[in-house]
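As the structure is a prediction and not an experimental result, all values here were calculated from the model. Hydrogens, waters and symmetry mates play no part in the numbers below; they use all other heavy atoms, side chains included.
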Amino acid sequence: MPLPKIPTKPATILLAKDYPQAEPGKTPVRAAAKAQNDEVEDLISGPAVASKSTRARKSKAALLAEAPAREETPVAAPATLPAPPRTDITNRKDGKEEKLRAKLRETDMNEPHPAKHKPVEVNVKSPASRKADSAGGAKMFVLDTNVLMHDPTSLFRFEEHDVYLPMMTLEELDNHKKGMSEVARNARQVSRTLDALIANVDDDAIEVGIPLAKLGNKDAKGRLFFQTRLNGAALPEGLPSGKADNQILGVVRALEADQSGRAIVLVSKDINMRIKARALGLAAEDYFNDHVLEDTDLLYSGIVQLPDDFWARHGKGMESWQEIRGGYSSTYYRVTGPLVPTLMVNQFVFMEPKNGEAPLYAQVREINGKTAVLQTLRDYSSNKNNVWGITARNREQNFALNLLMNPEIDFVSLLGQAGTGKTLLALAAGLAQVLETKVYNEIIVTRVTVPVGEDIGFLPGTEEEKMSPWMGAFDDNLEVLMKSDNDGGDWGRAATQDLIRSRIKIKSLNFMRGRTFVNKFLIIDEAQNLTPKQMKTLVTRAGPGTKILCLGNIAQIDTPYLTEGSSGLTYVVDRFKSWSHGGHVTLARGERSRLADFASDVL
């Protein structure tokens with residue numbers, strides 16, 4: 001059967017009907033999905049190129065490779081969304097032309113509103129950079145200050161190309177080095193790295209460039225250049241020369257004049273800086289090396305649907321047996337076939353035949369070549385298997401509870417839009433394993449304190465009292481979990497609430513450095529606002545017997561300079577997807593209320 005079209009939406013709102021269909025003998029799902037993008041918009045040199053049914057599909061890489069050939073053809077200004085097909089109306093008579101224009105205006109009104117439909121995020125290189133790639137020449141990248149403060153190791157991420165630091169970049173680094181914020185720490189780290197690079201170097205060596213591989217970074221084969229003299233390039237009148245951004249733009253223009261045969265590219269995380277550079281005819285790009293994936297629609301979902309003929313193709317020589325673990329009997333299947341190499345350990349597979357046969361819900365436990373071991377799941381949708389009074393309402397929630405209640409899984413990540421039950425499932429599983437089975441000592445809850453709107457200012461009290469306004473989501477879910485116990489009356493319910501709150505600790509991220517959590521159930525909420533470095537700091541706090549949960553929605557990122565592709569949550573999902581003690585599930589269906597589900601669709 002053909003693979004379904006990958007939706008142009010963030011992975012967190014991937015619908016159940018849009019799960020990639022696994023088919024034996026075909027290209028692996030991720031590779032095939034990446035090759036099936038219907039259209040890509042060249043944000044620099046041309047409009048969107050749509051694939052027609054009468055011609056073969058082309059990948060983004062192939063379309064971008066053709067971009068230099070399209071540069072010579074005059075094209076319309078790029079739009080945020082692909083423009084509707086236009087008809088040539090220049091040679092028509094006045095009456096027909098006016099009617100056609102009115103019809104086209106009516107068509108424009110029916111187009112999707114750009115604020116409601118996010119375009120596909122495609123990282124497109126500048127024309128000068130693409131031309132240098134085709135010619136095989138080394139480029140020189142001029143780094144803006146925000147790139148260094150965003151990623152202190154960015155100096156060594158440009159492979160064989162050279163890096164140029166304007167004097168204004170060093171001046172801004174000096175202005176941001178004071179303080180205890182993440183930006184200040186990154187600025188100090190960059191300063192220490194630069195000091196180590198220029199140590200024991202003659203003045204002549206600074207002029208010809210310092211090898212970036214000097215400190216042991218073998219991948220960085222280029223050289224580091226500093227601005228050693230004033231540039232003579234004048235900017236257009238009206239741009240204030242005292243502004244730091246304009247001085248950096250002047251440096252880029254001067255380098256282009258001095259080294260006319262070389263590609264000079266400005267790298268900046270500031271969108272307005274890149275716009276100004278392009279308006280002045282200078283090559284400018286975003287910093288892409290921190291992106292885990294080019295297209296977050298291809299993010300690992302942890303779930304794959306098996307084809308209807310799975311048993312016919314993989315049932316030959318199949319072995320099955322039963323084991324009892326933790327008081328629950330599971331059936332294991334050892335299958336062999338062409339689909340197995342596309343699966344991953346701890347990935348969930350399901351098959352729901354429409355001919356009346358029993359469905360299959362299983363988890364991949366082992367993979368050895370073309371042989372895999374599948375384990376059937378515990379049905380948490382049944383009330384007899386409820387977790388602290390909570391039962392799974394859909395297939396993905398059942399998958400998530402199987403991960404949360406499995407003591408062999410040390411790391412779990414849950415993605416999903418608002419109302420899919422991430423926090424409720426995590427709290428219910430934590431309470432059941434802390435208070436009932438006593439697998440863990442206590443629950444620790446933390447999150448990034450990034451406000452959605454304007455900050456309300458100073459919060460009085462202890463660490464937990466300061467964090468309590470940020471934990472409103474957990475308080476709401478605790479109320480739901482505690483209302484399910486009505487046997488002891490009001491007094492019993494109050495005692496239960498005190499017991500539960502005594503086993504839940506709310507901690508701030510600011511004081512996590514150097515800590516070690518032993519036998520804890522650690523929940524990291526709103527993890528999409530974490531950088532990869534912060535995520536590494538948190539996950540490495542885990543001691544023996546600790547389980548870490550990362551919850552979030554990568555479509556709701558509030559941290560500046562952080563995108564869906566560079567989020568710490570995307571980072572850990574991609575890095576942990578093949579680990580035997582880690583698991584991931586993308587929750588697809590909202591279960592909050594019919595109002596919340598409708599609002600998620602139409603707003």
Side-chain angles (χ1 to χ4, degrees), residues 10-12 121 123 143-158 172-173 176-193 267-271 285-296 299-300 411-415 422 444-452 455 467 470 507-515 522-542 548-577 582 584:
T12 52
E121 180 183 355
N123 297 333
L143 300 191
D144 195 4
T145 316
N146 47 48
V147 175
L148 296 172
M149 292 189 296
H150 174 74
D151 182 6
T153 63
S154 58
L155 287 170
F156 311 104
R157 299 288 187 91
F158 293 95
E172 288 188 307
L173 279 177
H176 289 88
K177 69 180 181 182
K178 297 179 181 179
M180 298 302 296
S181 64
E182 186 74 16
V183 171
R185 282 193 289 267
N186 291 344
R188 291 193 294 269
Q189 182 177 342
V190 172
S191 299
R192 288 191 293 268
T193 303
V267 180
S268 175
K269 297 292 293 182
D270 189 352
I271 298 177
E285 295 178 7
D286 190 6
Y287 178 64
F288 299 139
N289 288 312
D290 60 335
H291 287 213
V292 181
L293 297 173
E294 287 188 6
D295 192 351
T296 52
L299 184 63
Y300 175 65
F411 181 84
V412 178
S413 55
L414 299 180
L415 282 177
K422 304 182 296 294
I444 295 179
V445 181
T446 185
R447 61 164 288 178
V448 186
T449 54
V450 179
V452 177
D455 197 352
M467 289 295 296
W470 300 96
K507 301 296 180 182
S508 173
L509 283 174
N510 301 334
F511 311 110
M512 289 295 183
R513 183 81 70 181
R515 297 199 60 180
L522 178 59
I523 301 176
I524 306 173
D525 195 24
E526 303 295 338
Q528 76 274 2
N529 288 320
L530 287 168
T531 64
K533 184 178 179 181
Q534 291 172 328
M535 183 65 75
K536 179 182 178 181
T537 302
L538 279 178
V539 176
T540 52
R541 300 304 98 207
I548 294 183
L549 278 66
C550 290
L551 317 177
N553 178 10
I554 58 175
Q556 297 178 346
I557 296 178
D558 304 313
T559 304
Y561 300 125
L562 209 59
T563 63
E564 295 176 1
S566 61
S567 169
L569 183 56
T570 307
Y571 181 72
V572 293
V573 169
D574 189 68
R575 293 298 189 271
F576 280 87
K577 63 187 177 185
H584 168 73

Which heavy atom in [X] sits nearest to a heavy atom in [Y], and how many Å separate them?
{"X": "Leu530", "Y": "Leu538", "value": "CD1-CD1, 3.8 Å"}
{"X": "Phe411", "Y": "Ser413", "value": "CE2-CB, 4.2 Å"}
{"X": "Leu148", "Y": "Asn186", "value": "O-CB, 4.4 Å"}
{"X": "Tyr300", "Y": "Val573", "value": "O-CG1, 3.8 Å"}
{"X": "Ala184", "Y": "Lys178", "value": "CB-O, 3.6 Å"}
{"X": "Leu415", "Y": "Lys422", "value": "C-CD, 4.0 Å"}

Show your reasoning for whether side-chain contact (heavy atoms from CB on, under 4.5 Å) applies to Met149 and His176. CA-CA 9 Å; Met149 292 189 296; His176 289 88; 3.7 Å; yes
Do the side chains of Arg157 and Asp151 get close enough for a salt bridge, i.e. N-O under 4.0 angstrom?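 Salt bridge: yes.
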Nearest 0.5 Å, what's the [atom1]-[atom2] distance between [X] and [Y]?
{"X": "Arg575", "Y": "Lys577", "atom1": "CZ", "atom2": "NZ", "answer": "8.5 Å"}
{"X": "Cys550", "Y": "Tyr571", "atom1": "SG", "atom2": "OH", "answer": "13.0 Å"}
{"X": "Leu551", "Y": "Ile523", "atom1": "CG", "atom2": "CD1", "answer": "6.5 Å"}

Please identify each residue that fulfils salt bridge (Lys or Arg N to Asp or Glu O under 4.0 Å) with Arg192, with sequence neighbours left out.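 Arg192 satisfies salt bridge (Lys or Arg N to Asp or Glu O under 4.0 Å) with no residue once adjacent residues are dropped.
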For [X] and [Y], indicate whether the former's side chain and the latter's backbone hold a donor-acceptor pair under 3.5 Å.
{"X": "Asn146", "Y": "Lys269", "answer": "yes"}
{"X": "Thr570", "Y": "Ser566", "answer": "no"}
{"X": "Gln534", "Y": "Thr531", "answer": "yes"}
{"X": "Ser567", "Y": "Glu564", "answer": "no"}

Hey, is NZ on Lys177 packed in by over 12 heavy atoms from elsewhere, all under 6.0 Å?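 At most 12 heavy atoms, drawn from other residues, nucleotides or ligands, come within 6.0 Å of this atom.
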Do Asp270 and Ser268 have side-chain N/O donor and acceptor atoms under 3.5 Å apart?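 Their side chains do not contain a donor-acceptor pair, so the 3.5 Å distance test is not met.
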Yes or no on side-chain contact (heavy atoms from CB on, under 4.5 Å) for Leu155 and Thr193, after CA distance, side-chain angles and deciding distance? CA-CA 9 Å; Leu155 287 170; Thr193 303; 4.3 Å; yes
List the residues meeting side chain to side chain contact (heavy atoms under 4.5 Å, CB included) with Glu526, not counting sequence neighbours, and say none if there are none.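 Glu526 satisfies side chain to side chain contact (heavy atoms under 4.5 Å, CB included) with Arg447, Gln528, Asn529 once adjacent residues are dropped.
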Any heavy-atom pair between the side chains of [Y] and [X] that's under 4.5 Å?
{"X": "Leu549", "Y": "Asp525", "result": "no"}
{"X": "Ile548", "Y": "Ile524", "result": "yes"}
{"X": "Thr145", "Y": "Leu173", "result": "yes"}

Classify the angle between the aromatic ring planes of His150 and Tyr287 as parallel (below 30°), tilted (30 to 60°) or perpendicular (above 60°).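 Perpendicular.
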